[in-house]
Amino acid sequence: MTFADHIIEFNKNIVFKGHLPKGIRIMNPFQDNPEIIGVMEQFYKKFYDDKALRRAIFGINPGRLGSGSTGVPFTDTKRMYDQCGITIKGFKTHEPSSVFIYDVIDAYGGVKKFYKKFYFTSVCPLGFTMEQPGGKEINYNYYDSTALTKAVYSFIVESIRTQLAWNLDKDICYVMGTGKNAAFFEALNKKEQFFKKIIPLEHPRFVMQYKAKTKDLYIDKYLSSLNGD
């Protein structure tokens, strides 16, 4: 099986069977929107249909406007079309994190070069939403409540183990989010011994929301870390 085959099979079959805290809903883009499966398959067959060794870059969990809309982490519909050449009909999304990530990818040398070396995934492979008063749903992170973290802990461990059976570099991985996401993942890795070394990076959302004026400095930091400098 190629790297693409593994990812596609994983995504098509991923299901959370546990119980979530009250008010929290699971977000599974591959079940919520059947069209996303086709988009996801096109993307991975285009960029991952080989057996090359790649390094994993872990986000937090899928959000509604990125992976939740395309099936591919940190790729909104605009980047999916403009940068990856894959069209999604019927709706459009714009995610600031996707803007930053594709700036990094461009600086690295483009989508083909980048995706040959790296694989975006998430600590928790499915996302969550919380309903606010009035019915509006907002993104929710696996670490936003102790009850949710506990509910999905074994699901997280099992999902990472599944991905480690592919051709992933187990010497080094990257985790986005230098606060709670990195702390959780480092503690988890210490217990489970997934990777020899974890390199934390600022989360793209943090950069775009609070450090946009110095975005280029963070792009340089990403490049330096990804190139092993």
Side-chain angles (χ1 to χ4, degrees), residues 1-18 20 25-77 79-81 83-90 93 98 101 105 111-129 142 151-176 185 188-189 192-195:
M1 292 177 68
T2 66
F3 212 105
D5 293 331
H6 284 300
I7 300 170
I8 292 167
E9 181 182 56
F10 177 75
N11 287 342
K12 281 185 173 181
N13 293 290
I14 190 165
V15 177
F16 176 72
K17 298 180 180 179
L20 296 175
R25 187 182 74 85
I26 198 79
M27 184 180 66
N28 186 335
F30 310 108
Q31 292 189 350
D32 296 344
N33 185 348
E35 184 182 353
I36 287 178
I37 292 179
V39 174
M40 176 270 295
E41 287 181 329
Q42 287 183 67
F43 175 87
Y44 288 114
K45 280 295 185 180
K46 185 171 184 176
F47 296 109
Y48 287 82
D49 203 23
D50 56 58
K51 297 183 179 180
L53 181 71
R54 289 176 170 86
R55 284 185 177 173
I57 305 174
F58 287 87
I60 300 169
N61 43 239
R64 293 172 298 121
L65 302 181
S67 180
S69 65
T70 65
V72 178
F74 297 101
T75 303
D76 59 16
T77 62
R79 257 47 60 175
M80 184 63 79
Y81 177 75
Q83 304 278 47
C84 303
I86 298 171
T87 302
I88 299 179
K89 298 178 181 179
T93 60
S98 184
I101 286 300
I105 290 173
V111 288
K112 289 184 178 180
K113 182 179 179 181
F114 185 89
Y115 287 130
K116 190 76 172 181
K117 297 286 186 181
F118 301 101
Y119 161 63
F120 283 119
T121 184
S122 302
V123 173
C124 185
L126 293 180
F128 308 94
T129 60
Y142 73 87
V152 300
Y153 187 90
S154 60
F155 175 67
I156 288 172
V157 172
E158 181 183 348
S159 298
I160 295 173
R161 283 179 179 160
T162 297
Q163 293 170 84
L164 284 173
W166 311 342
N167 201 19
L168 280 180
D169 185 345
K170 298 176 184 64
D171 288 336
I172 296 176
C173 77
Y174 306 88
V175 58
M176 291 190 287
F185 193 72
L188 180 67
N189 189 67
E192 302 291 342
Q193 298 293 300
F194 293 137
F195 299 95

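Numbers for residues simply follow the sequence, beginning at 1. Just so it is clear, the structure is predicted and the values come from calculations on it, not from any experiment.
Counting heavy atoms from C-beta outward, T70 and F43 have side chains that stay 4.5 Å or more apart. Contact of the K45 side chain with the I8 side chain is registered, since non-hydrogen atoms from C-beta on lie closer than 4.5 Å. In this structure the side chain of F16 reaches within 4.5 angstrom of the side chain of V152, judged on heavy atoms. Contact annotation: the side chain of T75 never approaches that of Q83 to less than 4.5 Å [non-hydrogen atoms, C-beta and beyond]. Looking at L20 and R25, their side chains never come closer than 4.5 Å, going by heavy atoms from C-beta outward. When side chains are defined from C-beta on, F155 counts as touching P125, because their heavy atoms get closer than 4.5 Å.
For NZ of K112, the number of neighbouring non-hydrogen atoms (other residues, nucleotides, ligands) closer than 6.0 Å is 12 at most. The neighbour count for K117 NZ, taken as heavy atoms of other residues, nucleotides or ligands under 6.0 Å away, does not exceed 12.
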Before giving the answer on side-chain contact (heavy atoms from CB on, under 4.5 Å), spell out for T2 and Y44 the whole-Å C-alpha distance, their side-chain angles and the decisive distance to 0.1 Å. CA-CA 10 Å; T2 66; Y44 288 114; over 6 Å; no

Could you give me the CA-CA distance, side-chain angles and deciding distance for F3 and Y115, then say whether ring-ring contact (aromatic ring centres under 6.0 Å, His included) is met? CA-CA 11 Å; F3 212 105; Y115 287 130; over 10 Å; no

As a quick check of understanding, evaluate side-chain contact (heavy atoms from CB on, under 4.5 Å) for F30 and N13, giving each step before the final call. CA-CA 9 Å; F30 310 108; N13 293 290; over 6 Å; no

Could you go through the side-chain contact (heavy atoms from CB on, under 4.5 Å) check for F58 and F195 one step at a time? CA-CA 12 Å; F58 287 87; F195 299 95; 3.6 Å; yes

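Using a 3.5 Å distance cut-off with no hydrogens or angles, the side chains of S122 and N61 do not pair a donor with an acceptor.
Aromatic ring orientation, Y119 versus Y48: perpendicular (interplanar angle above 60°, classes split at 30° and 60°).
For the residue pair F185 and V123, the shortest heavy atom distance occurs at CD1-CG2, 3.8 Å. Closest non-hydrogen pair, M80 versus C84, comes out as O-CB, 3.2 Å. Listed here is the closest heavy atom pair of P29 and L126: CD-CD2, 4.4 Å.
Once rounded to the nearest 0.5 Å, the distance linking CZ of F120 with CZ of R55 reads 14.0 Å. If you take CH2 on W166 and CD on E9, they are separated by 9.0 Å, rounding to the nearest 0.5 Å.
Not less than 6.0 angstrom separates the ring centroid of F128 from the ring centroid of Y142.
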